[in-house]
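Okay, so here's the structure we're looking at.
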Amino acid sequence: LMEVALEAGAQDIRDLGGAWQVLTAPADLSKVKEALEAASIALESAEIAWIPGMMVQVDPASGAAVQKLIDALEEPDDVQKVFTNAEFAE
């Protein structure tokens, strides 16, 4: 997996415990996906996603308000995805 992905242009490979996450520039997504499929490596999904460089801890008091905002942003039918760098306290 690592050799095929890196040769195709992947920037990073992460072990998620039972699955692997391959990170690449958006422009290289198709090339990396095709290389993995050509090597008979099964893919769960392949998509362009915003991945924050830094997560922000949200305290429980603010967490409800942030979650309410995220829910409101996701509600319209024309919204496909909402990304956040909020990390909610448990």
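Sequential numbering from 1 along the given sequence is applied to the chain's residues.
- Here the closest heavy-atom approach between residue Val32 and residue Ala8 is recorded as CG2-O, 3.6 Å.
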Exercise. Can you list the steps and then say if Leu43 with Glu37 is a side-chain contact (heavy atoms from CB on, under 4.5 Å)?
Worked result: CA-CA 8 Å; Leu43 304 177; Glu37 290 173 337; 3.8 Å; yes

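- Here the closest heavy-atom approach between residue Phe88 and residue Ile70 is recorded as CZ-CD1, 4.1 Å.
- Side-chain atoms of Asp59 come within 3.5 Å of backbone atoms of Ser62 as a donor-acceptor pair (strictly under, hydrogens ignored).
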For this session: Give the intermediate values and the outcome of side-chain contact (heavy atoms from CB on, under 4.5 Å) for residues Asn85 and Trp50.
Result: CA-CA 9 Å; Asn85 66 336; Trp50 179 77; 4.0 Å; yes

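- Shown here is Glu3, whose CD atom has no more than 12 heavy atoms of other residues, nucleotides or ligands within 6.0 Å.
- Neither Leu69 nor Phe83 shares a network with the other; the hydrophobic side chains, linked directly or stepwise wherever heavy atoms of I, L, V, M, F, W or Y lie under 4.5 Å apart, form separate groups for each.
- Listed here is the closest heavy atom pair of Ala86 and Met55: O-CE, 3.5 Å.
- For Gln57, the CD atom counts as densely surrounded, since its 6.0 Å shell holds more than 12 non-hydrogen atoms of other residues, nucleotides or ligands.
- In this structure, CD in Glu34 is found 11.5 Å from CG in Asp28, a value given to the nearest 0.5 Å.
- How far CD of Gln21 is from CG of Asp15: 10.5 Å, rounded to the nearest 0.5 Å.
- Between Arg14 atom CZ and Leu23 atom CG the span is 4.5 Å, to the nearest 0.5 Å.
- The residues Lys81 and Glu74 are annotated as not salt-bridged, no charged nitrogen and carboxylate oxygen being separated by less than 4.0 angstrom.
- One hydrophobic cluster holds both Val66 and Val79 under the rule that ILVMFWY side chains link at heavy-atom gaps under 4.5 Å.
- Within 6.0 Å of CE in Met2 there are 12 or fewer heavy atoms belonging to other residues, nucleotides or ligands.
- For the atom pair CD1 of Ile13 and CG of Leu1, the computed distance is 5.0 Å after rounding to the nearest 0.5 Å.
- With rounding to the nearest 0.5 Å, the separation of CG in Leu29 from CD1 in Ile48 is 5.5 Å.
- Scanning both residues, Val22 and Ala5, for their nearest heavy atoms gives CG1-CB, 4.0 Å.
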